[in-house]
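First comes the structure, then the notes that go with it.
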Amino acid sequence: MRRSFPIFLLAALTVAALPAPAPAAEHDERLLLALAAYHEDPPAEALDFLGASREAALEAVARDESQMRLRRIRAISVLVREDGEAGRRLAAEVIGDARWSWRLRIAATRALGNYQQHREGTAALLRRATFDADPGVRETAVRQLTLIDSPEARLALEELRGRERHVAVRVALRDALLKANPGATLPREGRQARELTPATVKEVTP
């Protein structure tokens with residue numbers, strides 16, 4: 001009679017053959033504290049202790065999926081605020097990539113409009129966000145495009161208005177067009193309450 005291979009030994013060999021889990025990323029505890037301690041993006045001087053490693057440290061936190069979402073959002077925003085190429089590249093990667101959560105895509109979109117509206121090509125990156133599947137990202141893109149006074153930004157808004165169907169995004173588009181054209185008359189967005197008049201109210205008699 002043939003002996004079967006001991007199951008416990010087979011299990012041990014299988015586990016040993018599995019790749020070792022990647023070690024958790026190590027971050028400066030002071031950075032993690034600063035990213036979570038403020039009700040807004042931490043001031044630049046609060047991160048001076050990072051020195052020349054500031055951008056690399058922020059990007060590492062932004063990419064670390066084990067970190068709490070608030071820290072990742074703040075890391076993206078502060079990195080874009082640094083106005084360097086690292087923040088620019090990360091924002092361009094995040095925007096339009098569904099592998100990043102919609103909250104992080106919103107963070108990248110908002111940061112570009114807030115901190116890099118003066119840079120050439122920002123309107124093009126924000127236009128890319130107007131094609132995002134999430135309406136919250138598209139709405140954020142609209143509001144950030146209104147901060148850029150350029151033909152490219154205005155064209156992106158007009159293009160989106162022609163294809164957008166989500167009410168919240170269309171409301172943001174309407175606000176943007178009114179801001180660009182004060183005094184213009186535009187129809188309200190969304191379902192409107194019907195005004196009742198004696199002619200439209202049917203009397204019900206007992």
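- The environment of CZ in Arg99 is sparse: at most 12 heavy-atom neighbours from other residues, nucleotides or ligands sit within 6.0 Å.
- Residues Val78 and Pro42 come closest through the heavy atom pair CG2-CD, 3.8 Å.
- When all heavy atoms of Leu126 and Ala141 are compared, the pair lying nearest together is O-CB, 3.7 Å.
- Within the 4.5 Å cutoff, the side chain of Arg89 has heavy atoms near those of the Glu85 side chain.
- Here the CG-CZ distance, from Leu177 to Arg170, works out to 9.5 Å after rounding to the nearest 0.5 Å.
- Here the side chains of Asp28 and Leu32 are not in contact, with every heavy-atom distance at 4.5 Å or above.
- The backbone N or O of Arg110 sits less than 3.5 Å from a side-chain atom of Gln144, completing a donor-acceptor pair.
- Not a single donor-acceptor pair under 3.5 Å links the side chain of Glu82 to the backbone N or O of Gly84.
- Counting heavy atoms of neighbouring residues, nucleotides and ligands inside a 6.0 Å radius, atom CG of Asp48 exceeds 12 of them.
- Judged by distance alone, with hydrogens and angles left aside, the side-chain atoms of Gln116 form a donor-acceptor pair with the main-chain N or O of Val80 at under 3.5 Å.
- Cluster membership for Leu145 and Val169, using ILVMFWY side-chain heavy atoms within less than 4.5 angstrom, is shared.
- Nearest heavy atoms, Ala124 versus Glu152: CB-OE2, 3.5 Å.
- Residues Arg154 and Asp149 have side chains in contact (heavy-atom distance under 4.5 Å, counting atoms from C-beta outward).
- Between atom OG1 of residue Thr146 and atom CG of residue Asp175 there is a gap of 9.0 Å, rounded to the nearest 0.5 Å.
- Taking each heavy atom of Ser77 and Ala111 in turn, the nearest pair found is CA-CB, 3.9 Å.
- Around the CZ atom of Arg127, the shell of radius 6.0 Å holds no more than 12 heavy atoms that belong to other residues, nucleotides or ligands.
- Ion pairing between Arg143 and Glu139 holds under the 4.0 Å rule for side-chain N and carboxylate O.
- Arg128 and Thr109 form no side-chain donor-acceptor contact under 3.5 Å, judged by distance and modelled atom types alone.
- Under the 4.5 Å side-chain contact rule for hydrophobic residues, Ile106 and Leu35 do not share a cluster.
- Summarising the geometry of Ala108 relative to Ala91, their closest heavy-atom pair is CB-CA, 4.2 Å, with the distance given to 0.1 Å.
- Residues Leu104 and Arg72 are in side-chain contact: their nearest non-hydrogen atoms beyond the backbone lie under 4.5 Å apart.
- Each of Leu58, Asp41, Val61, Leu79 was evaluated against Arg74; a single residue qualifies, Asp41, per the side-chain contact (heavy atoms from CB on, under 4.5 Å) test.
- Looking only at atom types and distance, the side chain of Thr122 has a donor-acceptor partner in the side chain of Arg88 under 3.5 Å away.
- Taken together through direct or relayed side-chain contacts under 4.5 Å among Ile, Leu, Val, Met, Phe, Trp and Tyr, Val137 and Ile95 form parts of separate hydrophobic clusters.
- Around CZ of Arg119, the count of heavy atoms belonging to other residues, nucleotides or ligands within 6.0 Å exceeds 12.
- Checked by atom type and distance alone, the side chain of Ser53 never pairs as donor or acceptor with a backbone atom of Ala56 at under 3.5 Å.
- Side-chain contact between Arg63 and Trp100 is present, with at least one heavy-atom pair separated by less than 4.5 Å.
- Between Arg30 and Leu50, the closest side-chain pair of non-hydrogen atoms is not below 4.5 Å.
- At least one side-chain heavy atom of Leu31 sits under 4.5 Å from a side-chain heavy atom of Phe49.
- Listed by chain and residue number, nothing satisfies the side-chain hydrogen bond (donor to acceptor under 3.5 Å, both in side chains) test with Glu55 (two or more places apart in sequence, or in another chain).
- In this structure, Leu160 and Arg163 have side chains that are in contact, with non-hydrogen atoms separated by less than 4.5 Å.
- If you take CZ on Arg105 and CZ on Arg138, they are separated by 10.5 Å, rounding to the nearest 0.5 Å.
- Closest of all the heavy-atom pairs between Leu173 and Arg161 is CD1-CA, 3.7 Å.
- One finds the CG atom of Leu157 at 9.5 Å from the CD1 atom of Ile148 (value rounded to the nearest 0.5 Å).
- With no hydrogens or angles considered, a side-chain donor-acceptor pair links His118 and Asp83 at under 3.5 Å.
- In this structure, Ser101 OG and Ile73 CD1 are separated by 6.5 Å, a value rounded to the nearest 0.5 Å.
- For the side-chain hydrogen bond (donor to acceptor under 3.5 Å, both in side chains) test, no residue two or more places apart in sequence or in another chain qualifies with Arg165.
- In this structure, CG in Leu112 is found 5.5 Å from CG in Leu125, a value given to the nearest 0.5 Å.
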